[in-house]
Every structure is written in C-alpha cells, then in structure tokens.
Amino acid sequence: MLKLPAHGRYAYSPIETRPHFEWPERKRLAFYIGLNVEHFAFLAGLGSDPFGRASARQTQRNFAWRDYGLRVGIWRVFGMLDELKLPATILLNSLVCENYPQVIERIKQRGDEVCAHGRTNSESLGGLWEHDEARIIEETTETIARHFGTRPKGWMGPAAAESGRTPDLLVEAGYTHSLGWPVDDQPIWMRTRAGPLLIVPYPMELNDIGANVHRDDTGREFADMIVDQFEEMIEQSEQQPLVMSIALHPFICGQPFRLRPLRQALRHCVEHSRKDEVWFTCAGRIAEYCATLPVYRDAKDNA
C-alpha cells in the first residue's frame, strides 16, 4: 500500500463527533481580527507586489506600497476598530518595535494582544537549519518582550511559513499556541516533541492578501465574503462552537476604497441581531479559555 509522507502532529477528528463545550457566557461563535503589522527590507528579501501573484522582485515601488500601511493605512484601521469597539490580535514583526515607536504606542494604548510574527516578512522560516530557526524565534520573542514588558505566547511565522520542526521549537521556546495551521474551525492540539501546542484557527481564505492581491477580488467582494462567512458560521455554530477570524494587512485593507466596504462588513457583524451569541475577542484569549475547559484539558493529555 502506498504510504505518503505525513506529519503525525494530530489525528483525524470529524467536527460532528467532538465533545460539546461553550465559549464564555454560553456564546457560540468566537470572532477575532488578525491584524498583520510588518516591516520589510528595501530592495532585498521577500515581499508582495500589487501587480503580482507571489513574492516578486523587490523595487522601490512595491516597498513604498507596503510602507503606506504603517504611514497611513494602520491609523485608518485603528480608527475603524476604535469606532466599532473591536479588539485585535496584532501579528507583529519584531522589527516594527525598533522602527515604528508610534505604532507600538498605539497598540499599547488600545490594549491589543500581540502575537509574534517573526522578525520581518522579508524572510521566511521555511527551509532553515533548526538552530537558525530557533535563534530567530528567540530573537523575536526577546525584542517584543523588551518593548511590551511581557513576552508573547502566540506565534505565526512570516507568511505563515514553517519548517518541519517549527511546532517543536515553539513549545521549547515557551509558546502556548500557534496560528500557522488553517486546519479547523475549532482550536485543536498538536503533538510536538516538547508537549502539546494549541492551534487557533486563522484564515488563509478570509485574508485580504489572498483575496485582494493574489486572487484580484475587489474590496467590495472581500467585504461580501466577510458577511457571508459570518452569516454561515453563526448558523453553523448552533451545532458546534466555532472560531471565525479575519486576516488584515494595513497596506491592503487600509487603502480607502477597500476600507469603506470593510468597515460596513464589520459593522454588519458587530450590530447583527444575533451579536449576543458572538464572543468578540483575541486569539490569545481563545487559547487561554480553551486551557480552562475540561474537554480541552482531556484532549491535551491525550495529544
């Protein structure tokens, strides 16, 4: 019989057969915004291009397009989130701490959760020697801890890229959860050589860089995706508690013509007639809450 390469990190589990649990206050749908705040090299390394489908040759033009995100876009996005009273999980390149102090201060003022996102999205962790990857994880963790006064517990690598040993290295470095595996609509435990790691759902599909840059969907189409996802998941959550997340990048969603329909879509969610069934939260709070649930404690023991 043909045996394909496999990761052995988790067992197959149909969502319809899992034990029952509830989110805080008996809510059914956990909802969070993943806001990617990133720093890029000039004319070097990796980076998206507004006219390309993948990482492109680096030019002053695509550097400036991305730089718009921290000069203009992120402030518009922060304003929108303030208006809608929405928290965010900040997927933070640690080099942002060294180069954009005003952004860091605004994150602190808002009280947003910080999830480590590597040093820079100009590099990828896939394919590195294990000790080199471990050093980058350590450096990222130390830099964020120095600027925020507390270390991050959640991780997603630049472009969500991983090597075959990333989950092991994360647990060894003290991380409790990862956003790097878009495998489920509920958090799941992953096996590592150092103990279990919780995988919190994070979207590859409901993601502005995938939708607006790689697939050429318009800002209005992306907003419609958010509304459709919310409507479908609020109905599905009658059967099982679920997680809905939206991935945003300020240099993409912060463009005015995209920001307007995005604001309308998010307002649809926060003002929905069933909003009392929704836990508007952060990825780290989801992970912390799961750790208190008997069903997740039992699953962790068996991971």
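Source: prediction; values computed, not measured.
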Is there a chain of hydrophobic side chains (I, L, V, M, F, W, Y, each step under 4.5 Å between heavy atoms) that links [X] to [Y]?
{"X": "L170", "Y": "Y10", "result": "yes"}
{"X": "L125", "Y": "V171", "result": "yes"}
{"X": "I246", "Y": "I199", "result": "no"}
{"X": "I226", "Y": "Y202", "result": "no"}
{"X": "V200", "Y": "M244", "result": "no"}

Look at atom [atom1] of [X] and say whether more than 12 heavy atoms of other residues, nucleotides or ligands are closer to it than 6.0 Å.
{"X": "R260", "atom1": "CZ", "result": "no"}
{"X": "R151", "atom1": "CZ", "result": "yes"}
{"X": "R26", "atom1": "CZ", "result": "no"}
{"X": "E25", "atom1": "CD", "result": "no"}

Looking only at heavy atoms, what is the nearest atom pair of [X] and [Y], with distance?
{"X": "L95", "Y": "N99", "result": "O-ND2, 2.7 Å"}
{"X": "A223", "Y": "P261", "result": "CB-O, 3.3 Å"}
{"X": "G180", "Y": "S178", "result": "N-OG, 3.0 Å"}
{"X": "F40", "Y": "L46", "result": "CD2-O, 3.8 Å"}
{"X": "A161", "Y": "S124", "result": "CB-OG, 3.5 Å"}

Only counting residues at least two apart or in another chain, list the ones meeting side chain to side chain contact (heavy atoms under 4.5 Å, CB included) with [X].
{"X": "Q240", "result": "I15, E16, Q186, L242"}
{"X": "P187", "result": "W23, L198, P201, V243, I286, C290, Y296"}
{"X": "A64", "result": "none"}

From [atom1] ([X]) to [atom2] ([Y]), nearest 0.5 Å:
{"X": "F222", "Y": "L248", "atom1": "CZ", "atom2": "CG", "value": "5.5 Å"}
{"X": "F230", "Y": "R274", "atom1": "CZ", "atom2": "CZ", "value": "8.5 Å"}
{"X": "L259", "Y": "L262", "atom1": "CG", "atom2": "CG", "value": "6.0 Å"}
{"X": "I104", "Y": "C97", "atom1": "CD1", "atom2": "SG", "value": "4.0 Å"}
{"X": "T143", "Y": "E138", "atom1": "OG1", "atom2": "CD", "value": "10.0 Å"}
{"X": "H272", "Y": "I234", "atom1": "NE2", "atom2": "CD1", "value": "7.0 Å"}

Taking side chain as C-beta onward, heavy atoms only, is [X] less than 4.5 Å from [Y]?
{"X": "L29", "Y": "E277", "value": "no"}
{"X": "W279", "Y": "R285", "value": "yes"}
{"X": "S13", "Y": "R18", "value": "yes"}
{"X": "R71", "Y": "Y68", "value": "no"}
{"X": "I188", "Y": "W181", "value": "no"}
{"X": "F51", "Y": "N62", "value": "no"}
{"X": "L179", "Y": "Y32", "value": "yes"}
{"X": "L92", "Y": "F148", "value": "yes"}

Is it the case that E133 and T166 place a side-chain donor and acceptor less than 3.5 Å from each other?
-> yes
Is there a donor in the side chain of H268 and an acceptor in the side chain of E231, or the other way round, less than 3.5 Å apart?
-> yes
Short N-O contact, [X] and [Y], less than 4.0 angstrom:
{"X": "E288", "Y": "K153", "value": "no"}
{"X": "E221", "Y": "R215", "value": "no"}
{"X": "R57", "Y": "D49", "value": "no"}

For residues 249-258, which side-chain donor-acceptor pairs fall under 3.5 Å, sequence neighbours excluded?
from : atom 1 : to   : atom 2 : distance (Å)
H249 : ND1    : D208 : OD1    : 2.6
Q255 : NE2    : F251 : O      : 3.3
R258 : NH1    : I252 : O      : 3.1

Going through the checks in order, is the side chain to side chain contact (heavy atoms under 4.5 Å, CB included) test met by H7 and M190?
-> CA-CA 10 Å; H7 54 73; M190 172 178 282; 6.0 Å; no
Please list, one pair per line, the donor and acceptor atoms closer than 3.5 Å that link side chains of residues 111-121 to other protein atoms, with sequence neighbours excluded.
from : atom 1 : to   : atom 2 : distance (Å)
D112 : OD1    : A88  : N      : 3.0
D112 : OD1    : R110 : NH2    : 3.0
D112 : OD2    : R110 : NE     : 2.7
D112 : OD2    : R110 : NH2    : 3.3
E113 : OE1    : T89  : OG1    : 2.7
E113 : OE1    : A283 : N      : 3.3
E113 : OE1    : G284 : N      : 3.0
E113 : OE2    : G284 : N      : 2.7
H117 : ND1    : M156 : O      : 2.8
H117 : ND1    : G157 : O      : 3.3
H117 : NE2    : N36  : OD1    : 3.3
H117 : NE2    : E38  : OE2    : 3.0
H117 : NE2    : N121 : OD1    : 3.3
R119 : NE     : E123 : OE2    : 2.8
R119 : NH1    : E139 : OE1    : 3.1
R119 : NH2    : E123 : OE1    : 2.8
R119 : NH2    : E123 : OE2    : 3.3
T120 : OG1    : H39  : O      : 2.5
T120 : OG1    : S122 : N      : 3.0
N121 : OD1    : N93  : ND2    : 3.0
N121 : ND2    : E38  : OE2    : 3.1

Selection residues 168-177 - residue pairs positive for side-chain hydrogen bond (donor to acceptor under 3.5 Å, both in side chains), sequence neighbours left out | R9-D168, T141-Y175, R165-D168, E172-R193
Side chain to side chain contact (heavy atoms under 4.5 Å, CB included) evaluation trace for R28 with E22 | CA-CA 6 Å; R28 304 301 300 166; E22 291 180 324; 3.6 Å; yes
Examine distances only and state if a side-chain atom of R191 and a backbone atom of P196 form a donor-acceptor pair shorter than 3.5 Å.
-> no
H147 backbone acceptor or donor facing K108 side chain under 3.5 Å | yes
Using the salt bridge (charged side-chain N to carboxylate O under 4.0 Å, His left out) rule, take E142 and R146 through it: C-alpha gap first, then chi angles, then the decisive distance, then the call.
-> CA-CA 6 Å; E142 188 278 327; R146 177 159 40 85; 3.0 Å; yes
Determine, stepwise, if the pair L86 / F280 fulfils side chain to side chain contact (heavy atoms under 4.5 Å, CB included).
-> CA-CA 7 Å; L86 278 171; F280 295 100; 3.7 Å; yes
For side chain to side chain contact (heavy atoms under 4.5 Å, CB included), just list the numbers for W75 and Q102, CA-CA rounded to whole Å, side-chain angles, deciding distance to a tenth of an Å, and then say yes or no.
-> CA-CA 10 Å; W75 305 103; Q102 297 94 332; 4.0 Å; yes
